[in-house]
Amino acid sequence: MPLRVIVGVSGGIAAYKAVSVVREFVRRGHNVTVIPTGSALRFVGLPTWEAISRNSVPTDLFEGVAEVRHVALGQQADLVVVAPTTANMLASLASGFAADLLGTTVLASTAPLVLAPAMHTEMWENAAVQANVESLRRRGTFFIGPESGALTGDDSGVGRMSEPETIVDFALSCLTPQSLEGKRVLISAGGTREPLDPVRYLGNRSTGAMGVALAGEARLRGAQVTLVHAHLEVSPPSGVELVSVSTAEEMHAAMVALQPAHDLVIMAAAVADWRAKNPSTQKLRKADQPEHWSPELERTPDIVADLGQRKPTGQVLIGFAAETEDIASEREAAARMKLDTKKTDAVVLNLVGERVGFGEVETAVTLITASPQSLTFEGTKSSVAGRLLDALPEL
Ligand code: C5P
């Protein structure tokens with residue numbers, strides 16, 4: 001269904017990239033009204049916005065007074081995106097200024113508000129700017145970016161506006177039903193690292209992408225999310241509480257401590273099953289070790305099994321099973337066993353290998369519950385994560 005989207009544009013050089021944001025919304029069939037500020041129009045002119053949005057572009061608070069346009073646009077909008085959001089615009093939105101058409105439109109709208117900040121690193125990190133971001137976040141405003149990369153001058157750092165397609169994807173996902181509103185969700189992600197000595201460790205190929213996607217999708221569905229993460233190769237989503245750990249032992253302690261305060265617990269981390277029994281406190285020198293060296297390993301705690309034992313009534317606990325058997329029915333049978341042995345309410349089965357299942361790739365997972373029927377989802381990790389969360393009421 002076409003949505004009524006307002007794209008507010010404030011006066012930063014990234015306004016030229018906002019043209020592609022508008023174009024992408026239009027390409028996906030939505031009805032876009034662009035509201036540029038006076039300074040935005042110094043970067044990109046009115047004809048460009050009108051041609052790309054295929055709609056007339058209101059700029060003046062005192063135009064269209066008969067249709068009460070200063071509030072009508074906001075009242076009718078399904079989604080409001082401001083890209084780029086400058087430091088000045090953040091201050092104005094955080095204070096609720098209604099000095100121009102974009103200000104009145106934002107105040108009159110109850111639709112999700114998505115901001116894509118763009119500014120120099122020093123400005124983004126300034127305490128006043130961060131206080132405005134925090135204040136807007138607390139009121140439910142969604143932020144996408146800024147990202148790290150080349151800035152307008154010769155410098156680079158955090159402050160670059162996210163790519164247009166990323167902004168559009170994110171903004172549309174903010175319209176997701178708030179099915180986890182009021183729920184507290186605890187998710188583990190990433191690969192643990194078990195030290196052999198101060199510089200070497202036993203690790204695994206996990207990038208943490210699935211746990212991070214689940215955290216982001218749970219947040220978008222209104223949950224209050226805590227992400228306990230070991231080593232990640234992807235950025236954690238904004239708006240979730242982060243607890244950083246390194247080893248299985250540390251993750252075990254964090255998860256057990258946090259478990260009672262959460263309604264849903266998902267163990268998506270790739271936890272090492274073994275660790276060195278006696279890690280060296282000094283770097284092991286090659287010259288001192290024999291040609292064939294077998295460090296003594298011991299089992300790490302099985303975190304999800306322990307959480308299963310301690311599970312409070314009403315809590316939903318989900319484990320993952322990364323299986324490598326070629327035959328689907330054998331993979332499913334192995335995963336189904338974990339429902340009982342680990343006392344989980346569901347197991348998410350995925351196939352992993354050298355190039356399958358790890359990282360920001362397309363994935364396929366099967367959700368296994370006590371029901372003999374299982375559900376399989378395929379797609380990007382974000383879409384699979386979203387569909388897994390949407391299937392939870394069936395538990
Ligand atoms: O038995 P297996 O390691 O395949 O089970 C995978 C599930 O168990 C995942 O949810 C993983 O996060 C969890 N796990 C754990 N503690 C371990 C090893 C795995 O919680 N020591």
Side-chain angles (χ1 to χ4, degrees), residues 185-195 201-215 218 225-234 243-259 262 264-277 279 297-311 315-328 330-353 356-358 363 365-369 374 381 384-385 388-389 392 395:
V185 179
L186 175 62
I187 299 174
S188 71
T192 65
R193 291 177 163 182
E194 311 299 329
Y201 57 82
L202 289 173
N204 59 64
R205 291 178 189 278
S206 170
T207 62
M210 192 66 207
V212 164
L214 281 162
V225 182
T226 310
L227 181 67
V228 174
H229 68 90
H231 175 73
L232 293 181
E233 276 169 32
V234 293
V243 177
S244 169
V245 297
S246 181
T247 63
E249 190 70 45
E250 288 168 14
M251 183 171 278
H252 180 242
M255 292 300 286
V256 165
L258 290 162
Q259 179 184 26
H262 289 84
L264 167 64
V265 179
I266 307 179
M267 268 302 295
V271 186
D273 291 315
W274 294 274
R275 64 182 169 208
K277 192 165 177 199
L297 302 182
E298 64 178 7
R299 286 296 273 269
T300 54
D302 189 327
I303 304 170
V304 73
D306 203 14
L307 297 174
Q309 294 290 345
R310 296 162 184 260
K311 192 158 76 91
Q315 185 177 74
V316 173
L317 174 63
I318 302 181
F320 268 71
E323 305 291 346
T324 49
E325 283 93 349
D326 290 332
I327 302 164
E330 284 180 15
R331 288 201 297 272
E332 193 165 323
R336 213 164 262 289
M337 289 251 300
K338 288 181 187 164
L339 278 180
D340 288 336
T341 55
K342 304 200 181 202
K343 298 207 171 14
T344 56
D345 300 290
V347 169
V348 180
L349 165 67
N350 56 359
L351 178 69
V352 300
V356 204
F358 291 110
T363 190
V365 304
T366 303
L367 179 65
I368 292 164
T369 62
S374 55
K381 288 194 172 169
V384 165
L388 279 171
L389 292 171
L392 292 186
L395 286 176

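Since this is a predicted model, take the numbers as computed values, not measurements. Both backbone and side-chain heavy atoms feed into the values below; hydrogens, waters and symmetry mates do not. Both ligands and their constituent atoms are indexed starting at 1 by order of listing.
Not a single side-chain hydrogen bond (donor to acceptor under 3.5 Å, both in side chains) links S188 to another residue, sequence neighbours left out.
Remark: side-chain polar atoms of Q315 are not paired, donor with acceptor, to backbone N or O of V265 under 3.5 angstrom.
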So what's ligand 1 close to, N/O to N/O, under 3.5 Å?
| residue | atom | partner | partner atom | Å |
| --- | --- | --- | --- | --- |
| ligand 1 | 1 (O) | K338 | NZ | 3.4 |
| ligand 1 | 1 (O) | K342 | NZ | 2.8 |
| ligand 1 | 4 (O) | K338 | NZ | 2.5 |
| ligand 1 | 5 (O) | K342 | NZ | 3.1 |
| ligand 1 | 8 (O) | K342 | NZ | 3.4 |
| ligand 1 | 10 (O) | M267 | O | 2.7 |
| ligand 1 | 10 (O) | F320 | N | 2.8 |
| ligand 1 | 10 (O) | F320 | O | 3.4 |
| ligand 1 | 12 (O) | M267 | O | 3.3 |
| ligand 1 | 12 (O) | A269 | O | 2.7 |
| ligand 1 | 16 (N) | I303 | N | 3.0 |
| ligand 1 | 20 (O) | I303 | N | 3.2 |
| ligand 1 | 20 (O) | V304 | N | 2.7 |
| ligand 1 | 21 (N) | T300 | OG1 | 3.3 |
| ligand 1 | 21 (N) | P301 | O | 2.8 |

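Around atom NZ of K343, no more than 12 heavy atoms belonging to other residues, nucleotides or ligands sit under 6.0 Å away.
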*Please assess T366 against E332 for the test side chain to side chain donor-acceptor pair (under 3.5 Å), listing each intermediate value before the final yes or no.*
CA-CA 8 Å; T366 303; E332 193 165 323; 5.4 Å; no
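Residue D302 is tested with H252, K342, Q309 for a side chain to side chain donor-acceptor pair (under 3.5 Å); the sole match is K342.
Side-chain atoms of I266 and F320, non-hydrogen and from C-beta on, do get closer than 4.5 Å to each other.
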